[in-house]
Amino acid sequence: MLALAPAVGLGIARFAYALVLPDMRADLGWSYAEAGWMNTSNAAGYLLGALLCTRAIAMAGAFRVMVIGVWACIFALVLCALAQQSVTLNAARGFAGVGGGLAFVSGGVLAAHIAQRNPEHGALYLGLFYAGPGLGIFLSGITVPTVLALFGAGSWRIAWVALAGLSLVFSVSVMRSKVAEISTPESEKDRVDHQPFALKMLPLLGGYLLFGAGYIAYMTFMIAWVRDGGGGAGFQAAFWAAIGAAAMASPWIWARLLKRLQHGHAFVALIGFTALGAALPLASGGSNALFLSAVIFGAAFFAVVASTTVFVRRNLPAGRWAPAIGALTVAFGIGQMLGPVATGIITDYSGGLSGGLLASVLMLIAACISGLFQRDLGAGASGATRD
């Protein structure tokens, strides 16, 4: 039930933009750089939400913050349908980012506590939460191309309304999934021993920033790639649904790897698979290669996010989980701000989407290299729970 929060905050409010983008771009006359700015605005909002989340959780509790984030996303989706100007659309995308950041970080804290209570299956439970966006991706992949095919060119506003309606259904279930919160006040010893945890996590933070910049380019422009290659509404829906279905399957695929690998090794392995999936369309534009790309990418990219939370749980006491997850989310958010507009500029300059996709792959490879230098923070992480 908790996984429905990131299904709205990320799977729909963020990633479904890629499905609506080609129709919006054709109707509004945007360049790829202008299209990229919309997701940069979303990432900036996400970064703000992540920065506010730790304090908001301390004031209102993680569950209430998560619900507020979900409703903020629904409001933003409705605003996207009503907006007439790029400034308003950018504001709506930014507000969706704030809501997504609040829902994702606070939901991640709740999921980490559930995993703590069930250590034998902790990695699987975290994976289930982080597979939530896959459900949003899967259902939006069916919904948006169908709406656009039924109502024709320029019907992107109707698509946003349909996405808001889908999110509204999810929000009801989220509100009914009340999770008991665990009070984990940070002790003085935790503050002293773990104050420099961000410095010790620099390779992971740097790699996560690069991952955020690299993966978001694929998720922003791949539907445009498919459409430019002649893929109709049915193929676009199948491609996007394949990403979502693979993301939903990822907890069962990677649970053992997340549980067994130490240091930054799981992070590196999963980004490696993500890079492989992103690179396949550069090698072949055939339908089989595109579907394989969607499956590999979808199965791995949100498992990367789960690997960072597993790392935090393994190395830090519960009282430090919220700030650590928040710091990682900030790094992730900065990468997502830079990625769409940078790859959009590269795409405009190179005259084709292949240039932007290549830049995405290179950033993912750089993220792998950074993650190789991350080591566990030591068995002395007081109170840290190992799977």
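Between the side chains of T309 and Y130, at least one donor N or O sits under 3.5 Å from an acceptor N or O. Side chains of Q336 and R14: a donor on one and an acceptor on the other come within 3.5 Å. Inspection of the S293 and Y218 side chains reveals an N or O donor paired with an N or O acceptor under 3.5 Å.
For F75 and F95, the ring centers are positioned less than 6.0 Å apart. W156 has its ring centre no less than 6.0 Å from the ring centre of F151. The ring of F332 has its center closer than 6.0 angstrom to the ring center of Y208.
Clustering ILVMFWY residues whenever any of their side-chain heavy atoms sit less than 4.5 angstrom apart, transitively, puts Y17 in a cluster other than the one holding L47. L357 and I243 fall within the same hydrophobic cluster, defined by Ile, Leu, Val, Met, Phe, Trp and Tyr side-chain heavy atoms under 4.5 Å apart, directly or through other members.
The heavy-atom pair separating C53 from L102 by the smallest distance is SG-O, 3.8 Å. Counting all heavy atoms, side chain and backbone alike, M219 lies closest to W240 at O-CH2, 3.4 Å. Summarising the geometry of R93 relative to N42, their closest heavy-atom pair is O-ND2, 3.0 Å, with the distance given to 0.1 Å.
When atom types are taken as modelled, the side chain of R314 and the backbone of H263 share a donor-acceptor pair closer than 3.5 angstrom.
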